[in-house]
Structures are given as C-alpha cells and as structure tokens.
Engineer: 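Got a structure for you, questions after.
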Protein chains: 2
Amino acid sequence: MLGVLKDDGYRVTAPRRALLRALAETTEPLSVQELHAQVNPDYKPGDEESEEEINLVTVYRFANLLVEMGLVRRVEFGQGYYRYEREESQTGPHHHHIVCRQCNRVEDFHGCDLQGLTERLEGDTGFRIERHQLELYGVCPQCLENPAPDTRRTSGGRTVAVE
Amino acid sequence: MLGVLKDDGYRVTAPRRALLRALAETTEPLSVQELHAQVNPDYKPGDEESEEEINLVTVYRFANLLVEMGLVRRVEFGQGYYRYEREESQTGPHHHHIVCRQCNRVEDFHGCDLQGLTERLEGDTGFRIERHQLELYGVCPQCLENPAPDTRRTSGGRTVAVE
DNA sequence: GTAGTTGCAAATTGTTTGCAAGCCT
DNA sequence: AGGCTTGCAAACAATTTGCAACTAC
C-alpha cells in the first residue's frame with residue numbers, strides 16, 4: 001500500500017510505515033487506540049521518556065486518509081468507537097465478522113451470499129444497493145467453555161460486571 | 001410498553017410517555033437528538049422560555065433504560081452516533097435497514113434469511129450465534145433521480161460538500 | 001414517605017482542527 | 001525549497017455522572 005500512497009503524491013514516513021505494518025499484521029479490525037499501542041510498543045501514558053512516540057492524532061489522521069483513499073474500511077461493533085481494517089481489495093475475498101460479546105474477539109468469515117437478497121431488494125425498493133455490512137454476535141467457543149461472570153452491556157456498549 | 005415499565009417497578013412520567021410515543025410513531029430508528037426534538041416541538045437552543053423542555057440527559061437515560069430492558073435496540077449506521085428503535089418483540093417481524101448515503105433515509109426490509117448461514121457458521125467456528133445485524137447501503141430512488149452535488153464521507157461519517 | 005426521576009453542571013471519551021515546526025522528495 | 005506531515009494544545013461532539021430538587025406511587 002506504500003506504493004499507492006506514493007503514486008497519489010502522499011509521503012512515506014516512519015509513522016505511516018509502522019501503521020501500515022500494524023494493519024497488515026492482523027486480521028482483526030483495530031481501534032485507533034490499538035493501532036496507537038501497536039506502533040508505540042513501550043508507551044506509557046504520561047511518559048516523558050518516549051521521544052519516539054507516534055501521536056494519537058497522527059493515527060486518526062492517517063486512518064482517515066486510508067479510508068478516503070479506499071485502502072482501509074471502517075467498521076463498528078457497537079463499542080462506542082470505530083475499528084479499521086484493510087479493504088477487501090487489499091486482503092482478498094469479501095468477508096464479514098463474528099463478534100464475541102464476552103471477550104470482544106472478532107473473527108472473519110466468508111460466504112455471506114447476499115446476492116439474491118440485494119437483487120430482490122433493488123427491485124422491491126428502487127434503491128441502488130452499493131455495499132452491505134453484516135455482523136454476527138454471539139459467544140466464542142473459548143468463552144462458552146469458560147463462562148465469565150454474568151455481564152450485560154451498558155448503554156455505552158462497554159461490558160461491565162453486574163453486582 | 002408503559003405496562004412493562006410499571007411491572008418492573010419503574011415509574012411512568014410525562015417525559016417517558018412522550019419518548020415512548022415518539023418511538024412508536026415512526027418506523028425509522030431515531031437518534032437522541034431527533035428524539036429530543038420530537039418531544040420538544042418548540043425548543044430552540046438557548047431558549048429561556050421553554051419551561052417544559054425535556055432534557056437531553058433524560059433522553060439518553062431513558063433510551064439506555066429501554067435498551068437494558070430489551071424493549072428498544074440500538075443501531076448504528078456509521079454516522080458517529082447511535083439510533084434507537086423498538087425491539088422486534090414490540091413491533092413485529094425481524095427486519096434490517098437500507099440506508100441512503102445521500103439523504104440518510106433509512107428504510108426497513110424483511111426477509112434477510114440468514115438461518116442457513118448462521119447454522120453453517122456455528123458448525124464451522126464453534127461460536128454460539130445469538131443475533132446479527134445487517135445494513136445495506138446505497139442510493140434511494142429519489143436521490144437516484146435527483147442527484148445531489150458530489151459528496152464524500154469525512155472520517156467522522158458526516159457528509160460534506162466537496163469544493 | 002420514599003425510592004425512582006429529572007435537570008443542571010461538569011466530567012469523560014472519541015475524534016477533529018489550528019498552527020508552527022519538521023521532514024520527505 | 002516547498003509542500004505534505006507531525007505533534008501539541010485546544011476545540012468539538014456524543015454520552016455519562018454527581019447531586020440536589022422533585023414527583024409518581
């Protein structure tokens with residue numbers, strides 16, 4: 001993706017290289033905070049030493065740039081913030097996500113097969129349908145075996161223990 | 001839904017009645033701002049006169065309560081805020097949404113037919129799948145005929161005109 | 001009367017913007 | 001050199017929380 005950046009007149013810098021690597025090294029969509037942590041391995045909040053820190057703002061700005069360029073897509077799982085992952089043009093076939101509501105793990109899956117549905121709906125509704133987003137929510141095999149203390153989702157989508 | 005509230009030991013107040021009415025009167029998922037506007041017909045920001053204003057915080061709190069009670073569900077369309085609509089247990093059959101990326105209109109549709117997919121994936125992944133969320137994005141018939149000035153989505157998901 | 005509710009102000013959290021300094025090409 | 005980038009501080013927007021006053025039951 002460095003090449004695409006360059007070709008479009010954007011510059012290749014150390015922060016951008018690090019961020020692209022972080023995005024390439026995982027299959028899970030990453031939040032800005034996670035990206036920030038990935039590219040700042042030894043960053044501690046309020047740390048005066050970390051000269052080399054890549055700023056959070058830089059992460060936001062570059063993530064947005066990648067989305068505008070169509071290299072990355074933004075997804076959301078009701079957690080109160082966005083997550084970013086490479087576009088399918090960069091990674092391979094069309095996919096969606098299953099999210100574990102207990103540990104928040106996100107897994108990809110393929111074969112959503114919504115062709116028939118979208119065609120039917122274009123006829124029924126008159127919409128031109130351009131894309132779709134599908135998320136499945138449930139409990140992953142690990143959490144099924146290892147049930148956490150009873151939890152519920154607060155309004156913010158964060159999970160908290162119930163007393 | 002007033003009955004359910006009462007049965008659970010919650011109180012029925014004027015703001016709550018108004019909010020439930022607003023939710024019942026539309027099929028589109030409403031944002032907190034929209035709910036607030038619905039229940040405060042003649043509210044102008046900074047208006048000293050509006051004695052009877054229902055506070056935004058009250059809207060947030062009640063929306064969250066309804067979600068916790070399972071009477072309302074929270075959906076999101078990448079707009080930077082949540083929207084709320086009555087749960088399917090309250091309104092009828094299972095449905096999803098088509099969103100127009102030009103005018104932001106949201107339309108319901110039925111018959112998503114993901115039974116087969118979820119069963120297959122429960123086998124493949126070991127997840128117990130509890131629910132799913134599907135959004136289709138495109139352009140509605142009105143906007144297809146009446147194309148707006150070229151727009152793009154900013155990082156925040158708000159739509160702005162391109163110079 | 002008492003616990004559930006509301007409004008107001010203030011705090012939080014996620015994200016964006018203005019601007020001067022710095023760095024890729 | 002010159003414009004794209006970065007960092008820092010500050011601004012913004014959505015949402016939550018503390019607390020005293022209020023009200024449904």
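The figures here come from the full heavy-atom set of this structure, side chains too, leaving out hydrogens, waters and symmetry mates. Here is how names work: the chains are called A, B, and so on, in the same order as the sequence lines, proteins then strands, and each is numbered from 1.
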Engineer: How long is the line joining CG of A/L65 and P of D/dG3, in whole Å?
Structural biologist: 19 Å
Engineer: The criterion is salt bridge (Lys or Arg N to Asp or Glu O under 4.0 Å); which residues satisfy it with B/R21, sequence neighbours excluded?
Structural biologist: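 None.
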Engineer: Does a side chain donor of either A/E28 or A/H97 reach within less than 3.5 Å of an acceptor in the other side chain?
Structural biologist: no
Engineer: If the threshold is 4.0 Å, N to carboxylate O, is there a salt bridge linking A/E122 and A/R128?
Structural biologist: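 A salt bridge is absent here (no side-chain N lies under 4.0 Å from a carboxylate O).
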Engineer: Do the side-chain N or O atoms of A/T58 get closer than 4.0 angstrom to the phosphate oxygens (OP1, OP2) of D/dT6?
Structural biologist: no
Engineer: Would you say a side-chain N or O of B/N64 is under 4.0 Å from OP1 or OP2 of D/dT15?
Structural biologist: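 Indeed not, no polar side-chain atom of B/N64 lies that close.
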Engineer: Of the listed nucleotides (D/dT6, D/dA9, D/dT16), which one gets closest to any side-chain atom of A/R61?
Structural biologist: D/dT6
Engineer: Can you tell me how far P of C/dT15 sits from CG of A/L56, to the nearest Å?
Structural biologist: 10 Å
Engineer: How long is the line joining CD of B/Q79 and P of D/dA13, in whole Å?
Structural biologist: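 Going from B/Q79 (CD) to D/dA13 (P), I get 16 Å.
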Engineer: Using whole Å, what does the distance between atom C1' of nucleotide D/dA14 and atom NE2 of B/H36 come to?
Structural biologist: 14 Å
Engineer: Any residue in residues 7-26 of chain A with a heavy atom nearer than 4.0 angstrom to DNA chain D? Just list them by number, or reply none.
Structural biologist: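 The answer is A/Y10, A/R11, A/T13, A/P15, A/R16.
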Engineer: Calculate the interatomic distance between A/I54 atom CD1 and C/dC23 atom P; express it in whole Å.
Structural biologist: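 Distance, rounded to whole Å: 14 Å.
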Engineer: Between B/V32 and B/K6, which residue's closest nucleotide on DNA chain D lies nearer the 5′ terminus?
Structural biologist: B/V32
Engineer: Could you tell me how far apart B/N55 (CG) and D/dT16 (P) are, to the nearest whole angstrom?
Structural biologist: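 In whole Å, D/dT16 P and B/N55 CG are 14 Å from each other.
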Engineer: Parallel, tilted or perpendicular: which fits the ring planes of A/H110 and A/H95, with parallel below 30° and perpendicular above 60°?
Structural biologist: tilted
Engineer: Mind telling me whether A/H132 and A/H94 have parallel, tilted or perpendicular rings, with 30° and 60° as the class edges?
Structural biologist: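 The arrangement is perpendicular - the two ring planes meet at more than 60°.
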Engineer: So which residues get pulled into A/I129's cluster when ILVMFWY side chains under 4.5 Å apart are joined, directly or through others?
Structural biologist: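 Other cluster members: A/I98, A/F109, A/L114, A/L117, A/L121, A/F127, A/L134, A/L136, B/I98, B/F109, B/L114, B/L117, B/L121, B/F127, B/I129, B/L134, B/L136.
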Engineer: In the hydrophobic cluster built from side-chain contacts under 4.5 Å, what are the other members alongside A/V57?
Structural biologist: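 Besides A/V57, the hydrophobic cluster comprises nothing; the residue is isolated.
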Engineer: Between atom OH in A/Y82 and atom P in C/dG14, what is the gap in whole Å?
Structural biologist: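 Interatomic distance, OH of A/Y82 to P of C/dG14: 13 Å.
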Engineer: Are B/Y81 and D/dA14 close enough that a side-chain N or O sits under 4.0 Å from OP1 or OP2?
Structural biologist: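 No.
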Engineer: Kindly say whether A/N55 contributes a backbone atom to a donor-acceptor pair with the side chain of A/H36 at under 3.5 angstrom?
Structural biologist: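 Pair absent, no side-chain N/O of A/H36 close to backbone of A/N55.
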Engineer: Among residues at least two apart in sequence or on other chains, which ones pass side chain to side chain contact (heavy atoms under 4.5 Å, CB included) with B/S31?
Structural biologist: B/Q33, B/E34, B/Y81, B/R83
Engineer: So how far off straight is the helix from C/dG1-D/dC25 to C/dT25-D/dA1, going by the axes through five pairs at either end, to 10°?
Structural biologist: 30°
Engineer: When the distance from CG of A/L35 to P of C/dT15 is rounded to whole Å, what number comes out?
Structural biologist: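 Rounded to the whole Å, the gap is 11 Å.
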